[in-house]
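Notes follow once the structure below has been shown.
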Amino acid sequence: MFNLKKKGSVLLMMMLMIVLSACNGEGNEEGTANGENQGTDFPNKEIELIVPTAAGGGTDMVARQLVDIAQDDLDESIGVMNVEGGSGSVGMTQAANANPDGYTATMVIAELAMYEHLGTSPLTPEDFKPVALINYDPAALTVPADAPYDTVGEFIEYAKEHPGEVSVGNAGPGSIWHVAAANLENAADIELNHVPHEGAAPAVTALAGNHIDAVTVSPAEVRTQLDAGSVKVLAVMSDERHDLIPDVPTLSEEGIDAESIGTWRGITVPSETPDEIVEILEETFVSAAKEEEFIDFMNKNGLGVQVKGSEEFGEFMEENRAMFGEIIPEMGLE
Amino acid sequence: MDVLMEGFSNTLTFNTILFIFLGVISGIAIGVLPGLTATMGVALLLPITFGMEPLPGILLLIGVYFGAVYGGTITAILINTPGTPASAATALDGYPMTQKGEARKALTIATLSTSIGGIISVIVLILLAPQLANFALQFSAPETFALALFGITIISSLTGKSFAKGIVAGLVGLLIATIGLDPIGGTQRFTFGSMNLNNGVNLIPVMIGLFAAAEAFRSVEKLFSKDKIEVAIKKTKLKWSEFKSLITTILRSAGIGTFVGMIPGSGADITAFIAYNEAKRFSKDKSKFGKGEMKGIAAPEAANSSLTGGAMIPMLTLGIPGDAVTAVLLGALIVQGLQPGPMLFEQDGVLVYGLFIGMLIANLLILILGIYGTRFFTKVLLIPKAILVPVIIMLCAVGSYSLGNNYFDVIVMLVFGIIGYFMIKNDFPASPLILGLILGPIMESNFRRALVMSQGDFSIFITRPITAVLLIFAFITLFSPLIIKLIKKKYRKI
């Protein structure tokens, strides 16, 4: 009997090893492409775009739509691979460590400029070379339709009379929308009660049910409730008004001097990628993002198209990084 | 009623039914494979529907959704491997029935319960959606916490042979649930500096490990034992009298499923466990549960399929997705130029009723495919273990990897496969651990969120009527066996 058991466990170990080695193979295949003709005939095989969030989510939809258009331009197919985990840090880390040959690109998200300040990952924009910014959506201060304030000014006045009582829902502790609410606190010198949720949608649901007083999420995320008339947007936290809600003023129009805070998505490649390859990709993605088909798709979903080339996108990420470095440490996280 | 008839005729076209059929078939295939979830199936097919007409496009996705929830059951019953978390509760009695040689009967019960539960919830959706919508909005953090606490009391009915071991497994599940970023404060807990653990341990690889991999490891051991246990496939069919005895269970579970489905943030996995628990509570002979009780299959199946209809209620009427799948469906509707929310029924009434009719058809297709497929599905049991087991282990690895293309999930699956193997050996049940892992984060974050909302005032749990009622239910469930025992003792003395 003992012998039989032993045999069983040996076989079990072997199976474990087979499984493990089968999975390891996945990581090695990229190695072969290294060093091959980096230059003029790029691309000559499929490009992989790593999306650090789940299939079916907002970032994934934007990536797939963009890739659909870009690959026609490029005459090579672009495959989307969703690598999830750690609020995007798992996928982006894998992408930053990929071969810098242009065949692995990444859809980076705003969190990239936040991790180091939150202490959740050492990843920073420096781990990548920017290709193009595609989308930007500002935070929109949204309150129930029957709230006793109609402007940001009135909201702030109310918050000053009720310090720490106005509850503002966000998409999770340290999420971009949490930072947005903290930014408003700083700019208006008020004290809010931050209520973290598991993502923006549950926060908006809580707002629609009148369980919280406000949310600071993107216009697209409050759009269905806005159309239904159950909420109203008081202001957007950007320099320009948002296409989805052109009647809503920006914070600065309302006389509040606050940072622009929003979520964004862009394309990057590993930091060592040669410039000539970056240029090819930049041209492709910038023109794809300006195609009518893509803009239509973004409009339908209430997402803002904001296109910046490699250099501008790099500066943009650094500005974001510096700004988050000022706001996040004061938020009392960790 | 006119819109209903018009929706009816729009849906009953060859084209639309074909797409529902394709959706259901691919959904079943996705559900059968561990690691491929309903959400993923719907998300993967989403881009295809962009170029389609709204009705067939969305119904294709709904077919995938319904099919995947059903598909997960087939493997749960046959090889103790829930294809999706929604079917974890079904394995409790489904697999024991297979071991008794009653796989076909078990699958028949599952198919009937799934389609009846699904149809009931769609009827509720047709008749009451707008009225129920606002009720769903009443649910916020304190209510969800109370519901999760009620769910946790279910652990006591999943304990199997030893009560203490069941409780230990449940507590371990709750403990594992604390790994990752603190949902309210954002502090890292037990992550050991690994960003893979920042979002906690992923439920699905844990489930694949505990159920499928652990069972496969144990089968490896059996391959060499002399007393080979061949699983027979008896031709016993479900008798009409047996089905009649299940009807109340199915109806009750369908009610539970539809109700829980409406509540944003709760999923099919919890519903199935709650329905299982209620079936056991109302049953006269509780000892049969966990050993191949038919009600133990009917209840979770009717509940997890009726949840699909329930989850549509807030999505269609308020534009609020109740779970991950409906969130993707919401995106599909928006891309098709529809605006879910109170105006949807007025502006696109014909389409909405067309969708409802399509959902009924999807459930009927599951019934037909399930009944005719039973014979075919059970063939899996005829595959020699020496071939089946390595295939299952490969599928476990591939499934865990494909979940997020993250190698770490494969390691989680293997670790829990090994833990699960020793749990089986020592009679520790896996379901309480899974339930703890599902409910832990929901309970914790909603408890703390409720206190943030009330600025630390505990009265938020008493002053809100739904919360108070649910908490009372939870306490009754928890303490009633004890109180009943005490009362009985007193009576005996008198």
Side-chain angles (χ1 to χ4, degrees), chain A residues 4-5 7-9 11-12 15-16 19-20 22-23 26-27 54-58 60-61 64 68 81-87 89-91 93 118-121 164-165 167 172-174 193-198 201-202 204-206 208-212 224-225 227-228 297 300-301 333-334, chain B residues 39-40 42-44 46-47 137-141 181-188 195-196 198-199 217 220-225 264-265 314 318-321 324 327-328 330-331 334-335 337 339-343 390 393-394 396-397 401 403-408 410 414 445 449 452-453 455:
Chain A
L4 291 172
K5 260 194 176 168
K7 242 187 193 168
S9 61
L11 202 77
L12 206 142
M15 278 187 174
L16 287 181
V19 169
L20 281 171
C23 294
E26 196 77 31
D60 180 61
M61 293 221 300
R64 284 175 197 269
D68 239 21
M81 172 145 129
N82 304 85
V83 182
E84 296 168 45
S87 318
S89 60
V90 172
T93 304
L118 293 165
T120 47
S121 164
E165 281 177 31
S167 54
N193 182 23
H194 300 277
V195 188
H197 288 76
E198 275 90 34
V204 175
T205 304
N210 260 324
H211 303 290
I212 50 176
T224 44
Q225 297 311 314
D227 290 346
F297 170 85
K300 257 186 188 173
N301 283 283
L333 291 160
E334 247 191 317
Chain B
T39 318
M40 204 186 293
V42 175
L44 288 178
L46 177 66
L137 271 188
Q138 308 262 308
F139 266 77
S140 185
L181 286 186
D182 165 349
I184 302 298
T187 318
Q188 298 175 30
M195 62 184 173
N196 276 305
N198 272 350
N199 278 10
F217 291 159
V220 171
E221 197 177 81
K222 277 192 201 150
L223 287 180
F224 297 92
S225 69
L318 301 168
I320 287 170
V328 180
L330 184 69
I334 292 174
V335 169
Q339 200 52 259
M343 299 307 286
I393 295 182
M394 273 322 288
C396 290
Y401 183 75
L403 202 60
N405 291 319
N406 188 351
Y407 178 50
F408 183 78
V410 182
L414 278 178
S445 64
R449 188 175 306 126
V452 171
M453 284 163 71
Q455 291 160 28

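The chains referred to below are lettered A, B, ... by the order of the sequence lines, with proteins before strands, and numbering in each begins at 1.
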What residue, out of A/His211, A/His194, A/Gln225, has the most heavy-atom pairs lying under 4.5 Å from chain B? A/His211

Heaviest contributor of heavy-atom pairs below 4.5 Å to chain B, chosen from A/Gly85, A/Pro202, A/Gly172, A/Ala208, is A/Ala208

Separation of A/Asn210 CG from B/Leu137 CG (nearest 0.5 Å): 9.0 Å

Check against side-chain contact (heavy atoms from CB on, under 4.5 Å), B/Arg449 and A/Val195: CA-CA 6 Å; B/Arg449 188 175 306 126; A/Val195 188; 3.3 Å; yes

Are the side chains of A/Thr120 and B/Gln188 in contact, using a 4.5 Å heavy-atom criterion? yes

Between A/Gly57, A/Gly164, A/Ala201, which has the largest tally of heavy atom pairs under 4.5 Å with chain B? A/Gly164

In short, B/Asn405 meets A/Asn82 closest at the heavy-atom pair ND2-O, 2.8 Å

Output all residues satisfying side chain to side chain donor-acceptor pair (under 3.5 Å) with A/Asn193, sequence neighbours left out; order by chain, then residue number. none

Proximity breakdown for B/Leu403 and chain A, heavy-atom pairs closer than 4.5 Å: backbone

Shortest non-hydrogen contact from A/Pro173 toward B/Pro183: CD-O, 3.1 Å

Is chain A contacted by the side chain of B/Met195, its backbone, both, or neither, given a heavy-atom distance below 4.5 Å? both

Tell me, out of B/Val328, B/Leu44, B/Ile320, who's got the most heavy-atom pairs with chain A below 4.5 Å. B/Ile320

Checked B/Gly331, B/Gly337, B/Pro314, B/Ser445 vs chain A; the most non-hydrogen pairs under 4.5 Å come from B/Ser445

Given heavy-atom pairs under 4.5 angstrom as the criterion, report whether the side chain, backbone, both or neither of B/Phe408 touches chain A. neither

Contacting moiety of A/Ser87, where chain B heavy atoms sit under 4.5 Å: both

What part of A/His197 gets closer than 4.5 Å to chain B, counting heavy atoms only: side chain, backbone, both or neither? both

Check each atom of B/Ile184 against the heavy atoms of chain A and say whether the ones under 4.5 Å are side chain, backbone, both or neither. both

Quick check for you: to the nearest 0.5 Å, what is the distance between A/Thr205 atom OG1 and B/Leu318 atom CG? 8.5 Å

Could you give me the CA-CA distance, side-chain angles and deciding distance for A/Arg64 and B/Leu46, then say whether side-chain contact (heavy atoms from CB on, under 4.5 Å) is met? CA-CA 11 Å; A/Arg64 284 175 197 269; B/Leu46 177 66; over 6 Å; no

Determine, step by step, whether B/Met453 and A/Ile212 satisfy the side-chain contact (heavy atoms from CB on, under 4.5 Å) criterion, reporting the C-alpha distance in whole Å, the side-chain angles of both residues, the deciding distance to 0.1 Å, and the verdict. CA-CA 7 Å; B/Met453 284 163 71; A/Ile212 50 176; 4.3 Å; yes

So, using salt bridge (charged side-chain N to carboxylate O under 4.0 Å, His left out) as the criterion, who are the partners of A/Glu165 when residues are at least two apart? none

A/Ala54 versus chain B, the contacting section by heavy-atom distance below 4.5 Å: neither

Going by heavy atoms in the side chains, are A/Glu84 and B/Asn406 under 4.5 Å from each other? no

